[in-house]
Student: 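The structure follows.
Chain A is the first sequence line, chain B the second, and so forth, proteins listed ahead of strands; every chain is numbered from 1.
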2 protein chains.
Amino acid sequence: MSKKNSEPTPKNTLGMDVSVDCVVFGFDNDTLKVLLIEQKQPDTVHLKTQNAVPGDLVLDNESLDEAAKRILQELTSLKGIYLKQFHAFGDPNRVRGLKDQQWLRTFRVNPERRVLTIGYYSLVKLSEFKPKAASFAGKTYWVDVYNIPSLAFDHNEIVHKALLMLRHELMADHIGFELLPEKFTLSQLQKLYEIILDKKLDKRNFRKNILRTETVTALEEKQQGVLHKPAQLFTKK
Amino acid sequence: MSKKNSEPTPKNTLGMDVSVDCVVFGFDNDTLKVLLIEQKQPDTVHLKTQNAVPGDLVLDNESLDEAAKRILQELTSLKGIYLKQFHAFGDPNRVRGLKDQQWLRTFRVNPERRVLTIGYYSLVKLSEFKPKAASFAGKTYWVDVYNIPSLAFDHNEIVHKALLMLRHELMADHIGFELLPEKFTLSQLQKLYEIILDKKLDKRNFRKNILRTETVTALEEKQQGVLHKPAQLFTKK
DNA sequence: ATACTTCGTGTGCTAAATACACTTTCAAAT
DNA sequence: ATTTGAAAGTGTATTTAGCACACGAAGTAT
């Protein structure tokens, strides 16, 4: 085998760890929230814990989409969650914090190995969400997407980009109801849009638009127990 | 160090090879083309060579964007080429062809290692393109994007997705002129749009639109050497 | 001079986007 | 029973963007 002749000089024999990070969005009727986890800390280290977006290494026999689905299901029991790959983050210096390196040294078999992460975002019905203990996480929190604390690694950048991509897709594909309960009113939906897009919308025009796209259908049912005129309920078509 | 207590079971210590594949688009005034390379073949194997999209492993100290830029510059001397990450392809079975595995065995230090690839597309001015010998490539070809032969790995899928993303971005950001010479006529630009979007456009409406977006500026110069009324030349703003 | 070819432009029509305000319906309180 | 509060639900007029359509102008070649 005359490898030498035809072969380009072999490069990068180190390999990388590949992880998937999920920016999980939820909506509580007032604010758009992102799910954070408290990073597990080494027992011996008594620093303040860091928060992060849930993520994990991609297993050897698992596709990226499968990894993302698994991460979500380790945090919650929900099935059929909306999930979308949005960007790969591969800067060689994305892990530069002291705490980040400490964390890697404790929880990774090969802490020196470069880590590439594939960003996904997912849309979750907060009403149905029940946190579960996940192997990679301690406590979980929901925080306002417009007021995110400083996160581990490059997760602030990841969340920011996820929001931009979500805005894009909300306009293009009207996926907003994925964040609402099964049954919802058009006012709820409008408020959701206003918060994600960060601007006020006109009620009548909004309704015309949504009804024209035919992504939702009216139910024969009305809101109950509100102290004003009850709204008609809708569901996704 | 009581690792055992706080640590989730370590997973996936194998690591992956991460590569970047570039779908390079060019335009020759009639067809939208994609740059393919002839994959180097092991000397001892006398099979028909396969074609592929240019790509290479990401080096240890290199970001994804840098890797993409390097791959392009190994094929051509051009600088400042338009480049955009569009998707990560990470199916564990993306390398399933016999030839693909043979190729990996010859040209990769760790041929069994799973390979993840990050897809980029780039827009190149064909007129200025001069192919260069790249370490990872044999000959290079331009082929019609609507008539792509069977490619190595999952590169047919990669090219297809790149085209979809290019269409999206062409509409949103009017990046078409990246495929044309410095100076171009609006008719050339329109033809480019028609070919990328695969549909006919109305001349007057197209001009109104382009001029309204103000992505191009008129030059004080006209086409020369054409056997009809010469068109005004434009350049990107 | 003529023929040939593409360039470059204006208008009317239709559809979509936007701005805007009042009446209705229910529950709660009196 | 009546009133009050609070969001629901609805129509129209105006502006703007999208679309279809045809002909004279400016150059080259003979």
Side-chain angles (χ1 to χ4, degrees), chain A residues 27-31 167-168 170-174 176-177 180-235, chain B residues 27-31 167-168 170-174 176-177 180-235:
Chain A
F27 180 62
D28 73 352
N29 283 313
D30 275 313
T31 50
R167 281 185 184 156
H168 244 118
L170 183 64
M171 303 296 277
D173 302 344
H174 291 288
F177 45 72
L180 294 175
E182 249 0 284
K183 299 171 182 179
F184 52 85
T185 70
L186 291 186
S187 293
Q188 284 177 291
L189 189 62
Q190 181 179 343
K191 194 160 180 188
L192 171 61
Y193 272 64
E194 289 178 344
I195 289 169
I196 293 180
L197 302 176
D198 203 20
K199 68 175 176 191
K200 207 88 184 86
L201 301 173
D202 177 81
K203 198 206 298 203
R204 276 171 283 196
N205 297 331
F206 177 77
R207 290 158 108 92
K208 260 186 280 181
N209 277 312
I210 291 294
L211 296 176
R212 184 163 37 76
T213 61
E214 299 191 331
T215 47
V216 298
T217 32
L219 296 169
E220 302 290 311
E221 201 175 338
K222 295 193 166 184
Q223 240 181 346
Q224 294 202 337
V226 288
L227 38 159
H228 54 76
K229 176 172 176 178
Q232 175 152 60
L233 290 171
F234 287 77
T235 192
Chain B
F27 180 62
D28 74 351
N29 284 313
D30 275 313
T31 50
R167 281 184 184 159
H168 245 118
L170 183 64
M171 302 298 276
D173 302 344
H174 291 289
F177 46 72
L180 294 175
E182 252 358 286
K183 299 172 182 179
F184 53 85
T185 70
L186 292 185
S187 293
Q188 283 177 290
L189 189 62
Q190 180 179 345
K191 193 160 182 189
L192 170 61
Y193 272 63
E194 289 178 342
I195 289 169
I196 293 180
L197 302 176
D198 204 19
K199 68 176 175 190
K200 209 88 184 90
L201 301 173
D202 177 80
K203 196 202 307 200
R204 275 171 282 197
N205 299 330
F206 178 77
R207 285 165 183 250
K208 260 187 278 181
N209 276 312
I210 291 294
L211 296 176
R212 182 162 39 76
T213 62
E214 299 191 332
T215 48
V216 298
T217 32
L219 296 169
E220 301 291 311
E221 202 176 337
K222 296 192 166 184
Q223 242 183 344
Q224 294 203 337
V226 287
L227 38 159
H228 55 76
K229 176 173 176 179
Q232 176 153 57
L233 290 171
F234 288 76
T235 191

Student: Of the residues in residues 217-227 of chain A, which ones touch DNA chain C at a heavy-atom distance under 4.0 Å?
Tutor: A/V226, A/L227
Student: To the nearest angstrom, how far is B/F234 atom CZ from C/dC7 atom P?
Tutor: 12 Å
Student: Identify the two heavy atoms, one from A/A231 and one from A/T185, that lie closest to each other, and give their separation to 0.1 Å.
Tutor: CB-CG2, 3.6 Å
Student: The criterion is side-chain hydrogen bond (donor to acceptor under 3.5 Å, both in side chains); which residues satisfy it with A/K183, sequence neighbours excluded?
Tutor: A/E221
Student: What residues, two or more places apart in sequence or in another chain, satisfy side-chain hydrogen bond (donor to acceptor under 3.5 Å, both in side chains) together with A/Q223?
Tutor: none
Student: Kindly write out the residues that satisfy salt bridge (charged side-chain N to carboxylate O under 4.0 Å, His left out) with B/K200, not counting sequence neighbours, or none if the list is empty.
Tutor: B/E194
Student: According to side-chain contact (heavy atoms from CB on, under 4.5 Å), who are the partners of B/K222, at least two apart in sequence or on a separate chain?
Tutor: B/P230
Student: Once you round it to whole Å, what is the distance between C1' of C/dA17 and CD1 of A/I210?
Tutor: 15 Å
Student: What's the separation between atom OG in A/S187 and atom CD in A/Q232, rounded to the nearest 0.5 Å?
Tutor: 11.5 Å
Student: Across the strands shown, which category fits B/T185 at heavy-atom distances under 4.0 angstrom: base, sugar-phosphate, nothing?
Tutor: nothing
Student: Checking A/D28 now: which residues fulfil salt bridge (charged side-chain N to carboxylate O under 4.0 Å, His left out) with it, not counting sequence neighbours?
Tutor: A/K33
Student: In chain order, what residues pass the side-chain hydrogen bond (donor to acceptor under 3.5 Å, both in side chains) check against A/D173, with sequence neighbours excluded?
Tutor: none
Student: I need the full list of ring-ring contact (aromatic ring centres under 6.0 Å, His included) pairs touching residues 205-228 of chain B, with sequence neighbours left out, sorted by first then second residue.
Tutor: B/Y193-B/F206
Student: When you list every nucleotide of DNA chain D with an atom under 4.0 Å from a heavy atom of chain B, which one comes first 5' to 3', and which comes last?
Tutor: D/dG18 to D/dT28
Student: Determine the minimum heavy-atom distance between B/F27 and B/T31, stating which atoms define it.
Tutor: CD1-O, 3.4 Å
Student: For B/K191, give me all partners under side-chain hydrogen bond (donor to acceptor under 3.5 Å, both in side chains), at least two apart in sequence or on another chain.
Tutor: B/D30
Student: Compare the minimum distances between each of C/dT9, C/dC26, C/dT24 and the side chain of A/K229, then state the nucleotide with the smallest one.
Tutor: C/dT24
Student: Return the value, rounded to whole Å, for the distance between atom CG of B/L211 and atom C1' of C/dG8.
Tutor: 11 Å
Student: Assess whether side-chain contact (heavy atoms from CB on, under 4.5 Å) is satisfied between A/D198 and A/R167, documenting all intermediate values.
Tutor: CA-CA 10 Å; A/D198 203 20; A/R167 281 185 184 156; 3.9 Å; yes
Student: So if I take residues 197-206 of chain A and measure heavy-atom distances to DNA chain C, which residues fall below 4.0 Å?
Tutor: A/D202, A/R204, A/N205
Student: State, with a plain yes or no, whether a side-chain heavy atom of B/L180 is found less than 4.5 Å away from one of B/F234.
Tutor: no
Student: With 3.5 Å as the limit, what N/O pairs link the protein to nucleotides 14-16 of chain C?
Tutor:
none

Student: For B/A231 and A/P230, find the nucleotide of DNA chain C closest to each by heavy atoms; which residue's nucleotide sits nearer the 5' end?
Tutor: B/A231
